S.K.: 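First the structure, which I've put down as structure tokens, then a few questions once you've had a look.
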Amino acid sequence: VTAINSAENRLFAVKADGSLWRFDYNSFQKVQGIEDVVAVTVTNSFFVALKTDGTLWGQGQNDYGQLADMAVNYIDVPMQLDVADVVIEVVSTRYATVFLTDANEVKMIKNGTVTTLTQYPDIIDIEKSSWGYGMILESANGDFTRVSIWSNSMDDWSWYFDQANQQFDVESAYYNNNYSDVYAIITVDKELYTQGNNNMGVLGVGHTNYVNNWTKVALNNVEKFVSGYQNSYAITTDGELYIWGNNNNGQICDFTTIP
């Protein structure tokens, strides 16, 4: 596994061969009609995949024009999005698809059109804020900003990650607002720290109590972390996938049957 993303009770994963897989309800299904995938971002109603050639492909609900023209309500097979740029990062939110170009411009697909978010210059990395309404932007100077995207507005704040930068050498940051507040950082030493709401043990710290301070997860060499509804997922640098939390819908799954 080389990339993961989650929403609610679903996990999407990219394998080293470029195939895209969906994990939920005790099943493992390859997404048909798309290959050469390097990254994926997913909400509870649609997904967007980034391919090796820098193109974006999407499938699912298009109720806010986050994938295509507003005249299209639903896309039932993976379709290339109308984006002229070479894309290097992509995140999905409830109301929009946001991507980073090879020119380090942040752009957004919403209401069927592509616009440039000029208020966020010098961005080098973007991460999804799980399921709902936002993303985390990392600037060239190492600052992190949490951005929320609503149907008709945007807002941002960065307090949690400013605090983390004072304690750690942060490589990437993550926020999950899916019915809870889960914050996570990965340091340059590939250590994972979490804090916030710990329902069903999503923070991975050995208990289910609320955590007020950055606490290290007992997992080494972490490359990527995401959190869904009452579940968390991590990939290590050697491609191992770890999952913990609630398994009511089979989202943790029976690992003996992973293809």
Side-chain angles (χ1 to χ4, degrees), residues 1-25 27-117 125-135 147 149-152 154 178 224 226 228 233 251 259:
V1 177
T2 58
I4 53 175
N5 207 252
S6 70
E8 205 157 325
N9 295 319
R10 301 190 295 169
L11 172 70
F12 278 63
V14 179
K15 295 180 67 175
D17 62 3
S19 60
L20 180 62
W21 294 78
R22 173 176 171 168
F23 298 71
D24 59 5
Y25 299 101
S27 68
F28 312 96
Q29 299 177 0
K30 182 180 179 182
V31 179
Q32 302 298 321
I34 187 167
E35 302 290 344
D36 302 320
V37 177
V38 293
V40 63
T41 180
V42 58
T43 73
N44 63 333
S45 61
F46 70 95
F47 76 83
V48 178
L50 172 62
K51 296 182 66 171
T52 54
D53 60 3
T55 59
L56 294 178
W57 294 68
Q59 180 180 347
Q61 197 71 37
N62 186 49
D63 46 346
Y64 290 95
Q66 64 269 44
L67 299 177
D69 186 273
M70 290 289 289
V72 179
N73 183 57
Y74 190 89
I75 299 170
D76 58 5
V77 295
M79 181 188 78
Q80 184 174 349
L81 306 191
D82 188 13
V83 172
D85 304 274
V86 176
V87 178
I88 60 174
E89 300 267 359
V90 60
V91 299
S92 56
T93 76
R94 176 67 184 89
Y95 300 111
T97 296
V98 182
F99 59 91
L100 181 65
T101 74
D102 61 350
N104 292 110
E105 293 181 312
V106 180
K107 297 190 176 185
M108 177 173 67
I109 308 172
K110 187 180 180 184
N111 299 324
T113 62
V114 178
T115 58
T116 302
L117 302 182
D125 185 48
I126 57 176
E127 295 286 344
K128 193 185 94 171
S129 172
S130 180
W131 182 72
Y133 304 96
M135 57 188 172
V147 180
I149 302 174
W150 310 106
S151 58
N152 295 306
M154 297 177 61
N178 187 15
K224 180 77 174 180
V226 297
Y233 314 85
Q251 59 268 47

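Treat the numbers as computed from the prediction; the structure is a model and nothing was measured. Counting begins at 1 with the first residue of the sequence.
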S.K.: Kindly indicate, with the supporting measurements, whether the criterion side-chain contact (heavy atoms from CB on, under 4.5 Å) is fulfilled by Thr115 and Lys110.
M.R.: CA-CA 8 Å; Thr115 58; Lys110 187 180 180 184; over 6 Å; no
S.K.: How about Met154 and Leu117: do any of their side-chain heavy atoms sit closer than 4.5 Å?
M.R.: yes
S.K.: To the closest 0.5 Å, what do you measure between CD1 (Ile88) and CG (Asp102)?
M.R.: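 That separation rounds to 6.5 Å.
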S.K.: Can you find a pair of side-chain heavy atoms, one from Glu127 and one from Lys224, that are under 4.5 Å apart?
M.R.: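 Sidechains of Lys224 and Glu127: in contact.
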S.K.: So does Tyr64 get a backbone contact from the side chain of Gln66, meaning a donor-acceptor N/O pair under 3.5 Å?
M.R.: yes
S.K.: Testing the basics here: between Ile34 and Ala49, what is the closest heavy-atom pair and its distance to 0.1 Å?
M.R.: CD1-CB, 3.7 Å
S.K.: If we check side-chain contact (heavy atoms from CB on, under 4.5 Å) with Val48, which of these qualifies: Val87, Leu67, Ile109, Val40?
M.R.: Leu67
S.K.: Can you confirm whether Thr113 sits close enough to Met108 that some side-chain heavy atom of one is under 4.5 Å from a side-chain heavy atom of the other?
M.R.: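 Of all side-chain heavy-atom pairs linking Met108 with Thr113, none is under 4.5 Å.
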S.K.: Within this structure, what is the CG-OH distance for the pair Asn5 and Tyr233, rounded to the nearest 0.5 Å?
M.R.: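 The CG atom of Asn5 sits 10.0 Å away from the OH atom of Tyr233.
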S.K.: If you take all heavy atoms of Gly58 and Ile75, which pair is closest and at what distance?
M.R.: O-CG2, 3.8 Å
S.K.: Compare all side-chain heavy atoms of Glu89 with those of Asp125 and state whether any distance is below 4.5 angstrom.
M.R.: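 Yes, close enough: below the 4.5 Å cut-off.
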S.K.: Compare all side-chain heavy atoms of Val90 with those of Thr97 and state whether any distance is below 4.5 angstrom.
M.R.: yes
S.K.: Could you give me the CA-CA distance, side-chain angles and deciding distance for Asp85 and Phe99, then say whether side-chain contact (heavy atoms from CB on, under 4.5 Å) is met?
M.R.: CA-CA 10 Å; Asp85 304 274; Phe99 59 91; 4.0 Å; yes
S.K.: Less than 4.5 Å apart, side chain to side chain, heavy atoms only: is that true for Ile149 and Met135?
M.R.: yes
S.K.: Taking atom types as modelled and ignoring hydrogens, do the side chains of Asp53 and Thr55 form a donor-acceptor contact shorter than 3.5 angstrom?
M.R.: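 Short answer, yes.
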S.K.: Under the ring pair (Phe, Tyr, Trp, His ring centres under 6.0 Å) test, which residues partner Phe12, sequence neighbours left out?
M.R.: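 Result, ring pair (Phe, Tyr, Trp, His ring centres under 6.0 Å) vs Phe12: Phe47.
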S.K.: Calculate, to the nearest 0.5 Å, the distance between atoms CG and CD belonging to Leu20 and Gln32 respectively.
M.R.: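 It is 10.0 Å, given to the nearest 0.5 Å.
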S.K.: Return the NZ to CH2 distance between Lys15 and Trp21, rounded to the nearest 0.5 Å.
M.R.: 5.5 Å
S.K.: Quick one: pull up OG in Ser92 and CZ in Phe46 and give me the separation to the nearest 0.5 Å.
M.R.: 5.0 Å
S.K.: Got Val106 and Val98 here, is their nearest side-chain heavy-atom distance under 4.5 Å?
M.R.: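 Side-chain contact under 4.5 Å: yes.
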S.K.: Rounded to the nearest 0.5 Å, how far does CD1 of Ile4 lie from OG1 of Thr41?
M.R.: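 Answer for the OG1-CD1 pair, Thr41 versus Ile4, is 12.0 Å.
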